[in-house]
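Counting convention: from 1, in listed order, for ligands and their atoms alike.
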Amino acid sequence: MDFRLSPDHQQVRDMIRDLATSEFAPHAAAWDHDRILPTAALAQLAELGFYGLLVPEEHGGVGYDALAYAIALEELARVSAALSVMISVHNSVCCWPLVTYGTDEQKARFLPLLTAGTLGAFSLSEPGAGSDAASLSCAARLDGDHYVLNGTKNWVTNGAQAGVIVLFARTDPDPAVGPRGITAFLVTPDLPGFSVGKHEDKMGLRASDTVELALQDCRVPVANRLGAEGQGFKIAMSTLDGGRIGIGAQSLGIAGAAFAEAVKYADTRVTFGKKLHEHQPVAFLIAEMERRVAGARLLVHRAAWKKMNGLPHRIDASMAKLYASEAATFVTHRAIQIHGGYGYVKEYPVERYYRDARVTEIYEGASEIQRIVIARELVAAAAAAQLDAAPATHPTETAS
Ligand code: CAA
């Protein structure tokens with residue numbers, strides 16, 4: 001077992017760290033403060049291939065593996081979590097399902113746009129269906145060669161800027177059908193009946209835009225259906241398996257930035273005649289923060305490694321997101337504590353990190369949902385192991 005990054009992965013990390021530090025870091029606080037969408041940075045990232053990180057080269061992308069991708073998101077998040085979530089949503093939950101479930105025609109139609117700099121989005125949640133995603137009610141009724149969509153979607157990152165939105169609606173209204181009545185669509189903002197609603201005024205990630213979408217008799221061509229009718233929920237869930245690794249990586253970036261600031265401050269600030277880190281309570285805090293960041297990195301990298309090697313990774317993605325997001329909340333909270341009053345004002349970046357970290361425990365599946373996924377996977381694995389062990393002693397097998 002080798003825990004070192006490969007030379008290629010190190011190169012990705014160093015290249016993106018340099019880029020983010022020199023180009024984006026000087027603006028990140030102002031983007032956040034004034035709620036500025038970083039359009040110039042996004043254009044620069046598009047130019048550099050960041051809009052095709054998970055898109056194979058034959059479709060115009062750069063085809064990063066899952067680990068390189070996680071490293072990229074971590075490095076962006078270290079400087080601007082808002083920028084990283086825009087890139088993460090575009091790649092993990094828009095491009096990835098299109099690459100994985102799209103027809104050749106859909107890939108040919110949409111991927112060149114997406115890799116060239118048109119943002120993508122993902123729209124699953126609704127005002128009445130967040131954690132319980134299968135209860136979504138946005139309706140899609142087949143009418144000739146179109147589906148007619150009606151409903152309201154919310155919490156859509158990139159939703160107002162997106163040229164393509166992977167959106168989920170119910171093609172079978174029978175509640176008994178549940179998740180099997182959900183279908184995925186590729187919705188574009190030019191479709192009649194599509195409009196952008198409220199822009200959320202958020203606690204953190206203020207430079208990224210999160211909106212409500214309204215669909216009023218929105219006519220979506222059948223050619224824009226992603227996957228089969230009724231396959232939408234599985235598309236959403238498998239997409240989120242990858243997305244959650246990305247949010248884990250983002251959490252890691254935020255936590256890493258806060259940790260670095262806290263250590264720097266603890267090594268500069270003097271109280272009661274010695275540096276802050278020479279006081280045992282602060283030293284203990286520093287150790288505890290790093291313990292969590294290092295643990296989170298192992299889980300995020302293991303989940304990414306499993307994904308890139310084609311191994312089942314649902315439980316790993318949930319554990320990575322759960323652990324890393326809670327680590328980010330913890331580390332940013334303690335980074336403020338170490339800064340004292342200075343941590344509470346905008347002169348230092350740690351209050352931004354704290355606000356940005358908070359949502360990582362909520363979006364792409366709240367911590368409670370990750371715990372449910374983990375527990376269900378474990379119970380299913382235990383039951384499968386029992387079944388595997390059972391046949392030899394099962395009465396029907398041994399009767400003859
Ligand atoms: N991959 C493939 N299929 C999956 C799957 C996965 N990861 N997880 C579940 N499925 C399948 C199941 O096998 C099942 O299939 P069958 O019908 O054939 O048996 C079907 O999907 C239904 O699964 P469940 O019974 O487990 O469904 P559930 O209703 O109990 O829900 C849940 C499970 C895990 C709680 C799910 O609802 C969930 O993940 N909720 C959170 C939603 C979420 O993360 N939303 C975030 C939206 S994006 C966002 O945050 C905004 C943004 O822009 C960033």
Side-chain angles (χ1 to χ4, degrees), residues 73 77 81-82 84-94 96-97 100-101 119-136 138 153-162 164-168 170 172 175-184 199-200 202 204-205 208-213 227-228 230-251 303 306-307 312-319 321-322 325 356 358-381 384:
L73 293 181
S84 91
V85 79
M86 284 184 259
I87 295 298
S88 163
V89 163
H90 170 89
N91 284 287
S92 305
V93 291
C94 182
W96 188 85
T100 308
Y101 298 104
L119 269 176
F122 176 86
S123 179
L124 178 66
S125 303
E126 296 179 1
S131 287
D132 182 9
S135 70
L136 67 82
C138 178
K153 309 296 285 185
N154 69 350
W155 311 128
V156 189
T157 306
N158 298 344
Q161 295 76 35
V164 184
I165 302 163
V166 175
L167 185 143
F168 299 85
R170 183 167 286 288
D172 189 333
V177 175
R180 292 184 187 165
I182 295 171
T183 301
H199 293 247
E200 302 296 343
K202 297 172 298 187
L205 298 185
S208 95
D209 200 14
T210 306
V211 294
E212 203 171 76
L213 301 177
Q231 198 196 353
F233 193 73
K234 291 187 182 185
I235 293 178
M237 291 299 114
S238 64
T239 297
L240 287 168
D241 286 343
R244 287 167 183 166
I245 304 174
I247 301 303
Q250 180 196 32
S251 309
K306 283 196 173 184
K307 184 173 167 64
H313 55 276
R314 193 184 303 178
I315 189 169
D316 303 273
S318 284
M319 285 201 295
K321 186 204 182 258
L322 173 63
S325 60
D356 286 348
R358 194 62 190 83
V359 77
T360 62
E361 283 191 66
I362 298 170
Y363 64 16
E364 297 207 17
S367 292
E368 294 73 15
I369 293 298
Q370 308 311 328
R371 288 185 164 89
I372 288 172
V373 172
I374 294 163
R376 281 185 184 178
E377 287 286 301
L378 290 172
V379 171

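Pairing each heavy atom of Val211 with each of Ala160, the nearest pair is CG2-N, 3.6 Å.
Among the atoms of Ile372, none of the N or O lies under 3.5 angstrom from an N or O of ligand 1. Checked against a 3.5 angstrom limit, the closest N/O atoms of Asp132 and ligand 1 fall outside it. Looking at Tyr363 next to ligand 1, no N or O pair under 3.5 Å apart turns up.
In this structure, atom 12 (C) of ligand 1 has its sub-4.0 angstrom surroundings free of protein heavy atoms. The protein does not reach atom 32 (C) of ligand 1 closely, with no heavy atom under 4.0 angstrom from it.
Less than 4.0 angstrom separates some heavy atom of Pro179 from each of these atoms of ligand 1: 22 (C). Close approach to Gly365 involves these atoms of ligand 1, each under 4.0 Å from a residue heavy atom: 43 (C), 44 (O), 46 (C). Near Ile369, the atoms of ligand 1 lying under 4.0 angstrom from a non-hydrogen atom of the residue are 35 (C), 38 (C), 39 (O), 40 (N), 41 (C). Each of the following atoms of ligand 1 lies closer than 4.0 Å to a heavy atom of Leu240: 43 (C), 44 (O). Atoms of ligand 1 lying under 4.0 Å from any heavy atom of Val373, numbered from 1 in the order shown and given with element: 34 (C). Atoms of ligand 1 lying under 4.0 Å from at least one heavy atom of Ala134, given by number and element, are 29 (O). Numbered from 1 in the order shown, with element, the atoms of ligand 1 that lie under 4.0 Å from a heavy atom of Phe122 read 48 (S). The atoms of ligand 1 that sit less than 4.0 Å from any heavy atom of Asp241 are 1 (N), 6 (C), 7 (N).
Counting heavy atoms closer than 4.0 Å to ligand 1, residue Arg244 contributes side-chain atoms (C-beta onward) but none from N, CA, C or O. When non-hydrogen atoms are compared, ligand 1 lies under 4.0 Å from the backbone of Glu364 as well as from its side chain.
In terms of protein heavy-atom proximity, atom 20 (C) of ligand 1 is closest to Phe233 CD2, 4.0 Å. Considering only non-hydrogen protein atoms, atom 26 (O) of ligand 1 sits nearest to Arg376 NH1, 2.8 Å. Looking from atom 40 (N) of ligand 1 to the surrounding protein, the closest heavy atom is Ser131 O, 2.8 Å. With respect to atom 14 (C) of ligand 1, the closest heavy atom belonging to the protein is Lys234 CE, 4.3 Å. Shortest contact from atom 9 (C) of ligand 1 to any protein heavy atom: Met237 CG, 3.9 Å. The protein heavy atom nearest to atom 51 (C) of ligand 1 is Trp155 O, 3.3 Å. Protein heavy atom nearest atom 19 (O) of ligand 1, with residue, atom name and distance: Arg180 NH2, 3.5 Å. At the shortest separation from atom 47 (C) of ligand 1 among protein heavy atoms lies Ser125 OG, 3.6 Å.
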Hey, mind stepping through Ile369 and Arg244 against side chain to side chain contact (heavy atoms under 4.5 Å, CB included) and telling me if it holds?
CA-CA 11 Å; Ile369 293 298; Arg244 287 167 183 166; 4.2 Å; yes

side-chain hydrogen bond (donor to acceptor under 3.5 Å, both in side chains) evaluation trace for Thr157 with Tyr363:
CA-CA 10 Å; Thr157 306; Tyr363 64 16; over 6 Å; no

Please determine whether side chain to side chain contact (heavy atoms under 4.5 Å, CB included) holds for the pair Ile315 and Leu378, giving the CA-CA distance in whole Å, both sets of side-chain angles, and the decisive distance to 0.1 Å.
CA-CA 8 Å; Ile315 189 169; Leu378 290 172; 3.6 Å; yes

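Between the Thr183 side chain and the Gly230 main chain, a donor and an acceptor come within less than 3.5 Å of each other. Within the 3.5 Å criterion, the main-chain N or O of Thr360 finds a donor-acceptor partner in the side chain of Lys321. Judged purely by atom type and a 3.5 angstrom limit, Asn158 uses its side chain to pair as donor or acceptor with the backbone of Met86. Of the possible donor and acceptor atoms, none in the side chain of Arg170 sits under 3.5 Å from a partner among the backbone N and O of Ser135. Panel note: side chain His90, backbone Gly120; a donor-acceptor pair is recorded below 3.5 Å. No donor-acceptor distance shorter than 3.5 angstrom exists from the side chain of Lys153 to the backbone of Cys138, with no hydrogens or angles considered. Looking only at distances, no side-chain donor or acceptor of Ser92 sits under 3.5 Å from a matching main-chain atom of Val89.
In this structure the side chain of Thr210 reaches within 4.5 angstrom of the side chain of Lys202, judged on heavy atoms.
Checked options Gln370, Glu377, Arg371; the residue passing with Ser318 is Gln370 (criterion: side-chain hydrogen bond (donor to acceptor under 3.5 Å, both in side chains)).
Residues passing the side-chain contact (heavy atoms from CB on, under 4.5 Å) test with Ala81, sequence neighbours excluded: Leu205, Gln250, Ile254, Asp356.
Of the candidates Val93, Thr157, Leu205, Val156, Thr157 brings a heavy atom nearest to atom 52 (C) of ligand 1.
The shortest separation from a heavy atom of Gly130 to ligand 1 is under 4.0 Å, placing the residue in contact.
Note: Ile362 CD1 to Ile247 CD1 = 12.0 Å, rounded to the nearest 0.5 Å.
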